[in-house]
> 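Below you'll find the structure I mean.
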Amino acid sequence: MSDRLNVLKTYKLYVGGKFPRSESGRVYEVTDSKGTWLANAPLSSRKDARDAVVAARKAFGGWSGATAYNRGQVLYRVAEMLEGRRGQFTREVADAEGLSKSKAAAVVDATIDRWVWYAGWTDKIAQVVGGGNPVAGPFFNLSSPEPTGVVAVLAPQESSFLGLVSVLAPVIATGNTAVVVASEKAPLPALSLAEVLATSDVPGGVVNVLSGRTAEIATPLASHQDVNAIDLAGADEVLAKELEIAAADNLKRVLRPQPVDYAETPGIDRLTAFLETKTVWHPTGSLGASGSSY
């Protein structure tokens with residue numbers, strides 16, 4: 001019996017719910033921790049970044065307008081799909097980060113649990129950061145959180161899967177849409193995550209995944225007038241400073257890079273980092289001695 005040739009996987013970008021090749025036609029070699037070739041990944045261009053922003057903006061209205069409970073259901077569905085592909089991601093994380101199979105499996109389990117954790121927060125964060133405000137007058141004064149819009153997310157360079165989900169999930173959990181720049185040296189888990197998102201209930205354009213040179217992709221995103229915020233988790237000190245200056249042009253929200261142990265249970269900092277607060281005043285009517293009349 002003759003030996004058969006393996007079918008090599010062609011990794012593609014994920015933009016607007018579809019899997020295009022890079023507009024540039026370029027690819028770059030991805031290797032494991034020992035330098036062994038794993039795959040060719042798309043080398044995204046500035047045009048790919050702009051296309052991803054257009055897709056994210058188009059999806060923002062529907063995603064931000066969905067109920068928080070529904071977004072939680074969608075995120076939980078992603079966790080279900082990840083659980084079903086646990087073996088694949090264990091292999092990819094082991095290759096990407098040079099981990100043993102058992103350690104990689106633990107990382108994948110933690111990543112799936114992280115999705116579930118953020119899924120549970122979707123319909124609770126409003127109660128934590130919003131509410132009624134005391135005022136000296138016959139008024140209701142209510143504050144409620146709203147998503148800020150399109151968020152560019154530079155995924156952590158070293159934590160190719162757990163770190164990626166830890167910065168992506170809180171962005172979309174609160175109703176934002178995202179343009180993700182995958183880890184430059186280990187993009188394959190992010191590109192495979194895109195396949196999970198496409199086969200879950202996440203609407204096309206809510207998450208867009210680009211691979212390539214972080215600086216090359218992040219620069220046009222930081223200066224893009226239709227990007228509302230940027231998470232610099234995957235930028236080094238020099239690049240982060242350049243991107244922060246570029247982001248100031250349209251007053252983007254900027255989350256600066258900081259040391260993070262992604263294995264630890266996160267707080268709500270990343271959930272609140274990309275929220276705006278809307279405050280509404282409404283008269284209550286006359287206030288009588290026996291109480292308020294509305």
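The model shown is predicted, which means the values in this text are computed figures rather than measured ones.
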> Check whether Thr284 reaches the backbone of Phe140 with its side chain - one donor and one acceptor, N or O, closer than 3.5 Å.
no

> Are any side-chain N or O atoms of Ser24 and backbone N or O atoms of Leu43, one a donor and one an acceptor, separated by less than 3.5 Å?
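At least one qualifying donor-acceptor pair exists.
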
> Could I get the full list of salt bridge (Lys or Arg N to Asp or Glu O under 4.0 Å) partners for Glu276, not counting sequence neighbours?
Arg253

> In terms of side-chain geometry, is the basic nitrogen of Glu244 or Lys252 positioned less than 4.0 Å from the acidic oxygen of its partner?
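No, this pair does not count.
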
> For the residue pair Ser22 / Asp48, report whether a side-chain donor-acceptor contact shorter than 3.5 Å exists.
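A pair is found: one side chain offers a donor N or O, the other an acceptor, under 3.5 Å apart.
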
> Under 3.5 Å, side chain of Ser44 to main-chain N/O of Ser211, donor-acceptor pair present?
yes

> Listing request: all side-chain hydrogen bond (donor to acceptor under 3.5 Å, both in side chains) pairs with a residue in residues 61-78, at least two apart in sequence or in separate chains.
Arg77-Glu80

> Which residues pass the ring-ring contact (aromatic ring centres under 6.0 Å, His included) test with Tyr14, sequence neighbours left out?
Phe19

> Has Thr122 got a side-chain atom pairing as donor or acceptor with Ala119's backbone, closer than 3.5 angstrom?
yes

> Are Arg46 and Glu23 within salt-bridge range, i.e. N to O under 4.0 Å?
no

> Would you give the length of the straight line joining atom CD of Gln258 to atom CZ of Arg256, rounded to the nearest 0.5 angstrom?
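Taking CD in Gln258 and CZ in Arg256, the distance rounds to 10.0 Å.
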
> Could you state the interatomic distance from CG (Leu232) to CD (Glu242), rounded to the nearest 0.5 Å?
11.5 Å

> Tell me whether Asp51 is salt-bridged to Lys47, with the criterion being a basic N under 4.0 Å from an acidic carboxylate O.
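Looking at Asp51 and Lys47, the cut-off is met.
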
> With the side chain counted from C-beta on, respond yes when Leu210 and Val15 share a heavy-atom pair under 4.5 Å apart, and no when they do not.
yes

> Taking atom types as modelled, find out whether Thr31 and Thr36 have a side-chain donor-acceptor pair closer than 3.5 angstrom.
no

> Taking atom types as modelled, is there a side-chain donor on Glu92 or Ser192 under 3.5 Å from an acceptor on the other?
yes

> Any side-chain donor-acceptor pair under 3.5 Å between Thr277 and Glu146?
no

> With rounding to the nearest 0.5 angstrom, report the CG to OH distance, Leu162 to Tyr262.
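OH of Tyr262 is found 9.0 Å from CG of Leu162.
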
